[in-house]
Amino acid sequence: MLELRGVVKDYRVRGRTKRALDDVNLRVRRGEFLSVLGASGSGKSTLLSLVAGLAAPTEGEILLDGAPVTGPGPDRGLVFQSSSLYPWRTVERNVAFGLELLALKRAERKRRVAWYLAETGLTEYARTLPGQLSGGQQQRVAIARALACEPEVLLLDEPFGALDVQTKEDMQVLIRQIWQDTGITVLMVTHDVEEAVFLGQQVVVLASDPGRIAARVEVPLPDGRELAIKHAKDFLELRASLEDLVRAQHHGTVTSPGTKGK
Ligand code: ADP
Ligand code: MG
């Protein structure tokens with residue numbers, strides 16, 4: 001289980017303190033898919049960078065299976081909006097990158113690279129350079145690279161935000177498939193309400209300024225989901241109420257959770 005206890009994050013900006021996150025308490029069960037939804041500036045990337053161990057909380061603590069997170073580690077895999085691939089490495093060498101830092105036998109490295117390239121539909125691009133791939137394919141490589149280390153938790157920071165709608169939906173289906181195939185824990189942050197609902201088993205809503213948890217709601221949809229579910233009545237109702245909630249948090253007006261009127 002991943003647990004955030006009383007997490008506060010302050011940044012120093014030109015001698016002043018800017019509170020990005022305030023008293024965040026969150027539990028993500030092993031194997032859960034949790035979406036964190038918030039407007040731009042609500043502290044989503046800050047939250048993920050703390051869990052990834054790229055920065056330390058100002059107050060509070062982060063525990064993974066009871067052990068404090070003190071830095072980056074192979075138990076957490078991170079995928080950003082921009083894929084940040086190594087342009088001079090082929091697709092397979094990008095996927096192998098994290099594995100080279102682990103003490104793995106050559107055969108196991110090869111097995112994992114082949115497996116996660118297949119899982120992300122990239123087998124035929126193994127020897128291709130990232131620059132020759134589309135944006136969606138590049139994100140697949142970034143996902144394969146994160147998965148290859150077989151992390152306990154996959155951290156996704158608006159991973160499909162830069163993609164066109166069709167590619168984004170393909171990627172959403174892919175990430176659900178991977179989650180179902182591997183049983184991995186996923187913590188995804190996004191500003192996209194539809195995406196948060198389609199992918200998450202639960203959705204946490206962040207309020208802005210400072211970022212803090214405003215609500216946590218169950219997504220009452222089956223685990224096996226196809227894109228068509230985005231048109232279902234339950235889906236549309238939850239989406240509408242979350243849109244209202246996000247809007248209210250962002251503008252600082254008080255609306256009770258579940259309010260649906262437009
Ligand atoms: P989001 O990912 O939801 O857009 P961020 O976590 O990037 O939000 O930012 C949350 C708040 O913290 C914003 O007000 C942002 O300006 C501020 N912030 C983020 N990173 C830094 C930083 N390195 N230094 C100073 N302020 C930062
Ligand atoms: Mg961000």
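Start at 1 and go down the list; that is how both ligands and their atoms are numbered.
- Ligand 1 places these atoms under 4.0 Å from at least one heavy atom of Ala20: 11 (C), 12 (O).
- Nearest to atom 3 (O) of ligand 1 by heavy-atom distance, out of Lys18, Glu158, Lys44, is Lys44.
- The nearest pair of heavy atoms linking Lys230 to Leu236 is O-CD2, 3.4 Å.
- Closest heavy-atom contact between Pro87 and Leu85: CD-O, 3.2 Å.
- Within the 4.5 Å cutoff, side-chain heavy atoms of Leu4 are placed close to those of Val7.
- Listed here is the closest heavy atom pair of Val79 and Pro159: CG1-CB, 4.2 Å.
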query: Hey, mind stepping through Glu32 and Gln201 against side-chain hydrogen bond (donor to acceptor under 3.5 Å, both in side chains) and telling me if it holds?
result: CA-CA 7 Å; Glu32 182 176 0; Gln201 293 175 299; over 6 Å; no
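- For atom 15 (C) of ligand 1, no protein heavy-atom neighbour is present inside the 4.0 Å cut-off.
- Side-chain atoms of Asp10 and Thr17 include no donor-acceptor pair closer than 3.5 Å.
- In this structure, Ala39 counts as a contact residue of ligand 1, since one of its heavy atoms falls inside 4.0 Å of the ligand.
- There is a side-chain donor-acceptor pair under 3.5 Å between Thr167 and Asp164.
- Ligand 1 is never approached by Gly38 to a heavy-atom distance shorter than 4.0 Å.
- Atom 20 (N) of ligand 1 lies below 4.0 Å from at least one non-hydrogen atom of the protein.
- Distance from atom 11 (C) of ligand 1 to its nearest protein heavy atom, with residue and atom name: Gly41 O, 3.8 Å.
- Scanning the protein for heavy atoms near atom 7 (O) of ligand 1, the closest one is Ser45 CB, 3.8 Å.
- When non-hydrogen atoms are compared, ligand 1 lies under 4.0 Å from the backbone of Thr46 as well as from its side chain.
- Among protein heavy atoms, atom 8 (O) of ligand 1 sits closest to Gly43 N, 3.1 Å.
- Here the heavy atom of the protein found nearest to atom 23 (N) of ligand 1 is Tyr11 CE2, 3.7 Å.
- Using modelled atom types, one finds a donor on one side chain and an acceptor on the other under 3.5 Å when comparing Asp181 with Gln177.
- Residue-level proximity to ligand 1 for His191 is absent, since no heavy atom of it falls below 4.0 angstrom.
- Cluster annotation: Leu155 is connected to Ile62 through the hydrophobic network of ILVMFWY side chains, with a link wherever side-chain heavy atoms come within less than 4.5 Å.
- Near Val13, with a cut-off below 4.0 Å to any heavy atom, the atoms of ligand 1 are 25 (C), 26 (N).
- When all heavy atoms are compared, the tightest approach of Gly6 to Asn25 is N-OD1, 2.7 Å.
- Clustering ILVMFWY residues whenever any of their side-chain heavy atoms sit less than 4.5 angstrom apart, transitively, puts Val24 in a cluster other than the one holding Leu63.
- For the Mg ion (ligand 2), protein N, O or S atoms closer than 2.8 Å were enumerated as Ser45 OG, with waters left out.
- Heavy atoms only, all atoms of each residue included: Leu199 and Ser35 are closest at C-OG, 4.3 Å.
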